[in-house]
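Scroll down for the structure; my scribbles are underneath it.
Given the structure is predicted, the values throughout are model-derived calculations rather than measurements. Chain A is the first sequence line, chain B the second, and so forth, proteins listed ahead of strands; every chain is numbered from 1.
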Number of protein chains: 2
Amino acid sequence: MLSKKCKYAIHALVYLAEHYDQGPVQIEEIAKKQHIPHKFLEAILLELRHAEILESKKGKGGGYFLVKKPSEVNLMQVMRLIDGPIALLPCVSLNFYDRCEECKNEKTCGIRDSLTIVRDETLRVLEQSTLARILRREKQLAQK
Amino acid sequence: MLSKKCKYAIHALVYLAEHYDQGPVQIEEIAKKQHIPHKFLEAILLELRHAEILESKKGKGGGYFLVKKPSEVNLMQVMRLIDGPIALLPCVSLNFYDRCEECKNEKTCGIRDSLTIVRDETLRVLEQSTLARILRREKQLAQK
DNA sequence: TAAAAGCCTACTAAATCAATAGATTATAAA
DNA sequence: TTTATAATCTATTGATTTAGTAGGCTTTTA
């Protein structure tokens, strides 16, 4: 399961994608609209800024805004950044690989083989899930 | 990520599938062969017994054995049992559903929509990953 | 009847999660 | 140039989960 932090991050990003190219949005506004604790959100947005997904402006009229286009930010990036590995075991992870102590032979491990398929399918879907796509889908669903 | 407990459970089950129809296997044997702490494994196997995947025999010559066929036990069942939800958010879970406090409208949530696809793909693969299939795959990989 | 082997209850140390507090720094407008 | 605004940084904290451990109890079979 995703951590609350990661869920908050996604909601905040979708909100900022809705306000793309409309100038900075204050933490407080996002916090209120998305029901996220202000101080917690502060830390999350800072992390997204360090990852160069967001940028910020201080002082009056300041706030956060997307530096990447909504079509260039996807859930795979965000989840890896906030929660770490997407694979179900470290020995199956692409970005956070760690060898499996139990396995005698990683090459012939049947569990690993199954979980590699899960990983690849998951990555494929998450990579396609851009902020732009999420917004588009929301509008589609709202019309019905 | 899966918990260690869940990883241990899967390894133990694969081991028992290898010894299917060969009488009870003692906890100690599985613990040693799979490098799992004895007492921890005890608790895990008990849980699998309560879920009617395993059965046990007490006393000398006792131990654990599969009651289901290796082709009837899959990773979806085991993961749900040990780690709970497979979906990435509670509001997307089939077996552990919990409503999302942040969303105004769950029906039109674009995040939910993406994660529902991830869930379905993951379930599809995990359900196909039976103990029988894992064993078969290990033999295949070993031959190469 | 004694040894073997699983069963059950309780406890604990360490890590992670979900925040909160408070002081600091940068910016813009008055 | 001051003041209000808003992000930044450091640090601490309580709750929960994870990954076990300890120890006695019960059942079975040789």
**Prompt:** How far apart are the C-alpha atoms of B:Glu52 and B:Lys68, what are their side-chain angles, what is the distance that settles it, and do they pass the salt bridge (Lys or Arg N to Asp or Glu O under 4.0 Å) test?
**Reply:** CA-CA 8 Å; B:Glu52 292 172 350; B:Lys68 299 197 180 190; over 6 Å; no
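Surrounding CD of A:Gln143 are at most 12 heavy atoms belonging to other residues, nucleotides or ligands under 6.0 Å away.
Contacts with DNA chain C (heavy atom under 4.0 Å) in residues 34-43 of chain A: A:Pro37, A:Lys39, A:Phe40, listed by number. Within residues 83-96 of chain A, no residue approaches DNA chain C, by heavy-atom distance under 4.0 Å.
Residues A:His50 and A:Gly59 each lie close to DNA chain D; by heavy-atom proximity, the contact nearer the 5' end of the strand is made by A:Gly59.
Residue A:Ile82 holds its CD1 atom at 5.0 Å from CG of A:Leu48, rounded to the nearest 0.5 Å.
Taking the six-membered ring wherever Trp is involved, the centroid distance between the rings of B:His11 and B:Tyr15 does not fall below 6.0 Å.
Proximity note for A:Lys57 (side chain, C-beta onward) versus C:dA28, D:dA19, C:dG6: the nearest is C:dA28. Side-chain proximity of B:Lys60 to D:dT29, D:dA6, D:dG20: nearest is D:dT29. The listed nucleotides are D:dA7, C:dA19, C:dG6; the one nearest the side chain of A:Ile27 is D:dA7.
Between the side chain of B:Gln77 and the main chain of B:Asn74, a donor-acceptor pair closer than 3.5 Å is present.
When the side-chain nitrogen and oxygen atoms of A:Arg49 are compared with OP1 and OP2 of D:dA7, none of them lie within a distance under 4.0 Å.
Heavy atoms only, all atoms of each residue included: B:Leu41 and B:Ile27 are closest at CD2-O, 3.6 Å. B:Glu106 approaches B:Arg99 most closely through the heavy-atom pair OE2-CA, 3.9 Å. Minimum interatomic distance between B:Gly61 and B:Pro24 (heavy atoms only, all atoms of both residues): O-CG, 3.7 Å.
Heavy atoms of A:Leu45 sit nowhere under 4.0 angstrom from any nucleic acid atom.
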